[in-house]
Amino acid sequence: MIEIEGLTKRFGAVAAVAGIDLKVGKGEVLGFLGPNGAGKSTTMKMVTGFLTPTTGRVTVCGHDIETDTLAAQKTIGYLPEGAPAYGEMTPRQFLTFIARVRGYGGATVKERVDAAVAKTDLDPVLDQPIDTLSKGFKRRVGLAQAILHDPPVLIMDEPTDGLDPNQKHSVRELIRAMAKEKAIIVSTHLLEEVEAICTRAVIIDRGRVVADGTPAQLLARSRHHNAVTLTVAAKDAAGIITKLRTIPAIATVEQTPAGDGIVQLTAFPKSGALLIEEIGRMAADDEWDVKELYAEPGRLDEVFRAITTHDAARAREGRA
Amino acid sequence: MNQVWTIFRREFATYFATPLAYVFIVIFLFAMGAFTFYIGNFYANGVADLTVFFGYHPWLYLFLVPAIAMRLWAEERRTGTIELLLTLPIPLWATVVGKFLAAWAFIGIALLLTFPIWLTVNFLGSPDNGVIFASYIGSFLMAGGYLAIGAAISAMTSNQVIAFVVSVVVCFLFTVSGAPLVLDFFRDWAPLFLLNTVASFSFLTHFSAITAGVIDLRDVIYFFSLIALFLCVNIVVIDLKRVTR
């Protein structure tokens, strides 16, 4: 439903977005990741028609955003960065305004506003000026505005930024509930959010897509993917390490002190091999005193750092 | 048209949701009174007309209208609501016109609230009410001209102070373009027709023609085309900003 082809955006000599191609279909929740300044927000601003691309094309539900702007914008719900809203209005007035702009009239205005308010739990603050609301409520006003017309395409720039853990949870539930019917792009730098709600993760760095896959595929690129961590007493550690090294599928074993006479051992597999069963068996046979034993799914922050800092380092070398 | 009305309503309500409207109206009325009665010596003139009153309008508008216009777009840019506004399915012209009309209507209300002075001259003598009516129309049109200039300049920046100062300067040039201050700059080298063209841009020339009691179609067309021109500039500026941020 969203098609992005060869999208670039230059501000003077700086290429904020340097050629992005993406297709997002119905039922997909695409997590848009990247370091600050990578071009996430700029890309979203072009997809929603706020900025004009330098080159490239964006089509939303079959409508070109540049030539058929209004038709495309009708199908989009957009939560801009920082959830801007008119501070002197109350959420009720603001959402009523949005509903009218969206072309609703008469009784359907109230229906739409009520539905959006119910979904975002805005009831307690409905008649207070938005300027006086907490960050969490402001963000939800922005969300309510974005989902008011039940759009087939939802684009949200950091929807859970500034929310407390409970609010984050309810926003994620809301996104998950809508996911089946819509194409959703969510930008975030909270990696746990990607694992929680996204069906697909795209990492961009310096204006380019550097990784694109399901969260599981990205996790598989982590060094920790399928690694096994054991927590044991420090005095037993040396013996256990020696035994572990006899397993051919293990590449290395690292140890980190975990407090009072306890160490954590992490065995990294060669090329993603499964280790947990073999280590488990060994631990049972040799009667190790193991306090914890678990396989790691992989760490997204590690993948993220590996992909995005490599590039930065390479750029530095290139310049030197 | 519906969308112009939606934008208009929101924008217009905003003035009264904040102290802005009340502060502006009070200062507007106070300044009008002060100029007319103290500096213009309204009573001492002993003439039952409002020439003195309307004579100060261009100079008051010069500062008060840019004060209203400066926030029109600069504020949206600063708070980020412009991103919301421009990604909603509204044609840009409707947004520009809606915002302009709301501000113009607001100034119109402030202008209407000067009616006690109209009552006063009628109480003191028998003025030509036709002339006064024409002058009110002229004053309102002129305010629209200042406002359109200010709105277009406001769209260029996110800084309201810059918007205000630049608007005052540009409005000043339009006000006095018929005066020697501006014309002397052109007189030595410009051909006569250019000189006349520059002079014909003057708000003062057109406004004083109307306050003389004749609503000449040419003066009305002048103000309306000026407003239309600057609303177009406003649209173009916003569209250009989509390219450069």
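In what follows, every chain begins at residue 1, and chains take the letters A, B, ... in the order their sequences are listed. Basis for what follows: all heavy atoms, side chains included, without hydrogens, waters or symmetry-related copies.
- Close approach to chain A, defined as a heavy atom under 4.5 Å from one of its heavy atoms, is seen in B:Q3, B:T6, B:I7, B:R9, B:R10, B:T14, B:A17, B:T18 of residues 2-18 of chain B, taken by number.
- Within residues 60-80 of chain A, the residues that have a heavy atom under 4.5 Å from a heavy atom of chain B are A:L70, A:Q73, A:K74, A:Y78, A:P80, listed by number.
- Atom CZ of residue A:R102 and atom CD1 of residue B:I90 lie 9.0 Å apart, to the nearest 0.5 angstrom.
- The shortest heavy-atom contact between B:V243 and A:F11 is O-CE2, 4.3 Å.
- Annotation: side chain of A:F50 is not in contact with side chain of B:L84 (no heavy-atom distance under 4.5 Å).
- Contacts between residues 82-95 of chain A and chain B, counted as heavy-atom pairs separated by less than 4.5 Å, involve A:P84, A:A85, A:Y86, A:E88, A:M89, A:F94.
- Residues of residues 118-144 of chain A never come within less than 4.5 angstrom of chain B, heavy atom to heavy atom.
- Listed options B:L85, B:L86, B:T79, B:T87 were ranked by heavy-atom pairs under 4.5 angstrom with chain A; first place goes to B:T87.
- Residue B:R242 holds its CZ atom at 8.5 Å from CG of A:L51, rounded to the nearest 0.5 Å.
- The part of B:E76 that comes within reach of chain A is its side chain, from C-beta onward, which places non-hydrogen atoms under 4.5 angstrom from that chain.
- Atoms CG and NE2, on B:L88 and A:H149 in that order, are 8.5 Å from each other to the nearest 0.5 Å.
- With a 6.0 Å radius and a threshold of 12 heavy atoms from other residues, nucleotides or ligands, A:R172 has its CZ atom above the threshold.
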